[in-house]
S.K.: 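My questions will all concern the structure given below.
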Amino acid sequence: MKMTKEEKYRYIEQARPDELEKLQKQIERCAWRQNYHIQPQTGLLNDPNGFSYYNGIYHLFYQWFPFGPEHGMKYWFHTVSKDLCTWENVGIGIKPGDSYDSHGVYSGSAIVKDEKLYLMYTGNTRDENWVRHPFQCMAYMNESGVIQKLTNPVISTVPNGYTDHFRDPKVWKKDDTYFCIIGAQRKNKTGCAVLYKSSDLMNWEFQGELETTLPSNFGYMWECPDYFELEEHGILLFSPQGLEAEGEKYQNIYQSGYLVGEPLDLETRKFCHDAFHELDRGFDFYAQHTTLSEDGRRLLIGWMGLPDLAYPTDQNGWAHCLTIPRQLEIREGKLIQQPISELMKLRKNERQARFTLENERKKVKEFSGLSYELIYEIENIQARYIGIEFRAKDQEKTVFFYDSIKKELVLDRSLSGKSLEAENGNIRRCSFSASKLKIQLFVDVSSVEIFINDGEEVFTSRIFPSPHSKEVCFFTENGSATFQAVQWSYE
Ligand code: FRU
């Protein structure tokens, strides 16, 4: 049952007696709770926020609505990790409720300054006519982990020429100057990102729009922009809303993608870049957010979900999770995402298999489970279709295969279990040409993340199979191929 506006915009202190305890009990009974992904204790999780390394530990916050699977009053929920593998819930990081964030602490980012971790976020407010007014706000965490909000927003107005869809500051430092980009919508209802500059994180000067070479109507709003430099390239990530589907591209309700270019000119704001590419080819990926690891790697985490869609766990009182952390690099002008090597710590109980298949299906008995990592390499590709069925039993299965004639990768979740909204479709494809394939799957109770040839493409998706669907089968059709496979349990 959908909540009313009044129910959605309650603060946590306004919970009805036992409301959260009851919700927690209901959620404990849900068969789709994840084993190793970050998920909300109750309610809805969306964007990752404030990912950072501070005071000897990783901090990661996320957008959280406590009372159910709805986009209502948002909090920043705080988690920490020493190793990026296991995360500990700290609790609420930033609470809404001041005049500048009365209707939600929206997305933002973190930066260390003077031994403190500064958290810059969008304060969402609604006036008596339910018109949105965004403020860019600041909080900071001290070394004892106490988080305090500043009394006033650091950016109180939306610059001329933009609507109230103005949010998600991502902050960084270059030499002695701080910069931040903010996702924006022009008055003519097209999306862009704008740049601000500051010498102290408190006083921000509007610089203007990032000048990309994309068409001026590239979506109606850009959410969650993120700019950084990697191997001497400038990289802009953002989540544009409103791109029309185009062949295999832009199949999800909203998109997430990247531009690789020369480093952004911070004076002229000119950004010379190549074409826009989607970061992910699966069904459920949005609002990605990056940081630098302690040893200087650029790490990305995304929301494994999308706005404005119903998910099967809604009926159990919760929704969504975050992706595993991925390490970014550039290979031949392309942004590559690889699972971070820290995850190897989770590997247990290794099993291996090697076989050649010719127009047949082979169930590998040793390879079963709900939560695992599985890598298979395919050589001597003579077949047209070469693939895997996993989280399978009887009629249920999730299928991923390579079509060597059409030269495409295909993820099919039409038989994955409980289905999602029909208009979202059941198949995602991606053109891909290779004579050898290495497929790495991270499967959890209700998700899969598939990395192809060490991160050249990624398919991220929720799936909602029965707990009995644990089997793994490999197959070829119209010819033969050799498989070398290994699986580790993550349970
Ligand atoms: C993206 C987003 C952000 C916003 C947040 C609110 O999913 O809409 O633009 O800050 O979620 O939860």
Side-chain angles (χ1 to χ4, degrees), residues 3 5 8-9 11-12 38 40 43-51 60-78 92-96 100-110 119-126 132-139 153 155 158 162-171 180-185 191-194 219-226 237-243 252-257 279-280 284-290 300-309 311 318-323 460 462:
M3 288 183 183
K5 201 201 279 177
K8 286 202 320 200
Y9 284 88
Y11 298 115
I12 200 155
I38 294 176
L44 178 142
L45 161 160
N46 57 303
D47 314 355
N49 296 148
F51 192 17
L60 177 61
F61 302 80
Y62 57 77
Q63 289 285 287
W64 184 48
F65 173 64
F67 294 122
E70 305 246 16
H71 289 272
M73 184 70 80
K74 295 288 171 70
Y75 287 72
W76 272 35
F77 192 91
H78 185 192
I92 290 171
I94 314 180
K95 283 181 180 202
Y100 50 80
D101 60 13
S102 57
H103 289 69
V105 175
Y106 274 12
S107 286
S109 54
L119 308 169
M120 188 171 181
Y121 67 93
T122 300
N124 183 50
T125 70
R126 297 280 194 167
R132 192 195 285 273
H133 298 285
F135 295 89
Q136 313 310 316
C137 309
M138 195 70 88
I155 301 173
V158 172
Y162 303 93
T163 74
D164 287 334
H165 286 288
F166 193 77
R167 54 180 175 264
D168 311 337
K170 175 75 202 249
V171 58
C180 84
I181 47 169
I182 298 182
Q185 181 181 60
C192 65
V194 301
Y220 60 78
M221 167 65 190
W222 290 10
E223 296 193 306
C224 303
D226 190 342
L237 311 181
F238 60 107
S239 294
Q241 298 184 305
L243 301 184
N252 294 338
I253 179 169
Y254 303 130
Q255 274 55 58
S256 279
L279 273 160
D280 201 279
D284 306 287
F285 181 88
Y286 197 65
Q288 65 291 313
H289 181 68
T290 74
L300 174 147
I301 291 186
W303 168 25
M304 217 194 293
L306 283 165
D308 304 339
L309 289 179
Y311 281 76
W318 71 286
H320 310 306
C321 62
L322 297 179
T323 67
T460 300
R462 298 302 302 279

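Note that ligands are numbered from 1 as they come in the structure, with each ligand's atoms numbered from 1 the same way. In what follows, residues are counted from 1 in the order of the sequence shown.
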S.K.: For ligand 1, which atoms, with element, lie under 4.0 Å from some heavy atom of Asn46?
M.R.: 5 (C), 6 (C), 7 (O), 11 (O), 12 (O)
S.K.: Indicate the ring-plane relationship of Phe65 and Phe67, choosing parallel, tilted or perpendicular according to the 30° and 60° boundaries.
M.R.: perpendicular
S.K.: Looking at atom 2 (C) of ligand 1, what's its closest protein heavy atom, distance included?
M.R.: Asp47 OD2, 3.3 Å
S.K.: Test your reading of the model: is there a side-chain donor-acceptor pair from Asp226 to the backbone of Thr290, 3.5 Å cut-off?
M.R.: yes
S.K.: Side chain or backbone, does Asp168 bring an N or O within less than 3.5 Å of an N or O on ligand 1?
M.R.: yes
S.K.: Parallel, tilted or perpendicular: which describes the rings of Tyr286 and Trp303, with under 30° parallel and over 60° perpendicular?
M.R.: perpendicular
S.K.: Could you tell me how the ring of Trp64 sits relative to the ring of Phe77: parallel (under 30°), tilted (30 to 60°) or perpendicular (over 60°)?
M.R.: perpendicular
S.K.: Kindly confirm or rule out an N or O of Trp303 lying under 3.5 angstrom from an N or O of ligand 1.
M.R.: no
S.K.: I'd like to know if the side chain of His289 and the backbone of Cys224 have a donor-acceptor N/O pair within less than 3.5 Å.
M.R.: no
S.K.: Once you measure the plane-to-plane angle for His71 and His320, does it fall in the parallel (<30°), tilted (30-60°) or perpendicular (>60°) bin?
M.R.: tilted
S.K.: Counting non-hydrogen protein atoms only, what is the nearest one to atom 8 (O) of ligand 1? Give residue, atom name and distance.
M.R.: Glu223 OE2, 2.8 Å
S.K.: Could you list the atoms of ligand 1 found under 4.0 angstrom from a heavy atom of Gln63?
M.R.: 5 (C), 6 (C), 12 (O)
S.K.: Considering only heavy atoms of Tyr106, which atoms of ligand 1 have at least one such atom less than 4.0 Å away?
M.R.: 4 (C), 6 (C), 10 (O)
S.K.: What atoms of ligand 1 come closer than 4.0 angstrom to any heavy atom of Ser107?
M.R.: 5 (C), 10 (O)
S.K.: Show which atoms of ligand 1 fall inside a sub-4.0 Å distance from at least one heavy-atom site of Arg167.
M.R.: 3 (C), 4 (C), 9 (O), 10 (O)
S.K.: If you count every heavy atom of other residues, nucleotides or ligands that lies below 6.0 Å from Lys95 atom NZ, does the total exceed 12?
M.R.: no
